[in-house]
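Counting begins at 1 with the first residue of the sequence.
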Amino acid sequence: GNIILNACLSAMADMLHISLNSSLPDYKIASTEEIYKSLHNTEDQPYILVLHIDLSIEKRHSEGHLIFLLSSMSLRSLIEHIEQFLGNIE
């Protein structure tokens, strides 16, 4: 699942002409509140982007969430690139 997911995120970054910097995944089974509390102390990256992943390939199914911590500048840049991409769609 991680290889396919990484390929999807790379394709998205290529389409938006951005680079994604990420760390090794950290697997947790916890409530939304518990995860939020563990992320709440990140002052240099105050924004949280959550992606819900639902992959089904043949007889295999994988589901989960990816959490990206974003600085103000990173969030602005992401929004600008998404708006540019959407503006180019006819």
Open item on the list: Just checking E33: does its CD atom have more than 12 heavy atoms from other residues, nucleotides or ligands closer to it than 6.0 angstrom?
Closed with: no
Task: Side-chain heavy atoms of Y47 within contact of S72, under 4.5 Å - done: yes
Open item on the list: Under the rule for side-chain hydrogen bond (donor to acceptor under 3.5 Å, both in side chains), what residues qualify as partners of E83, not counting sequence neighbours?
Closed with: none
Task: Least distance between heavy atoms, H81 atom then L16 atom - done: CD2-O, 2.9 Å
Task: Residue list, side-chain hydrogen bond (donor to acceptor under 3.5 Å, both in side chains) with S19, at least two apart or on another chain - done: none
TODO: To the nearest 0.5 angstrom, please state how far the OG atom of S71 sits from the CZ atom of R76.
DONE: 8.0 Å
Open item on the list: Is there a path of hydrophobic side-chain contacts, each under 4.5 Å between heavy atoms of I/L/V/M/F/W/Y residues, joining L86 to M12?
Closed with: yes
- [ ] Drop me the distance from Q84's CD to I18's CD1, to the nearest 0.5 angstrom.
- [x] 11.0 Å
Task: Identified side-chain contact (heavy atoms from CB on, under 4.5 Å) partner of F68 from the options I48, L78, V50, L9 - done: L9
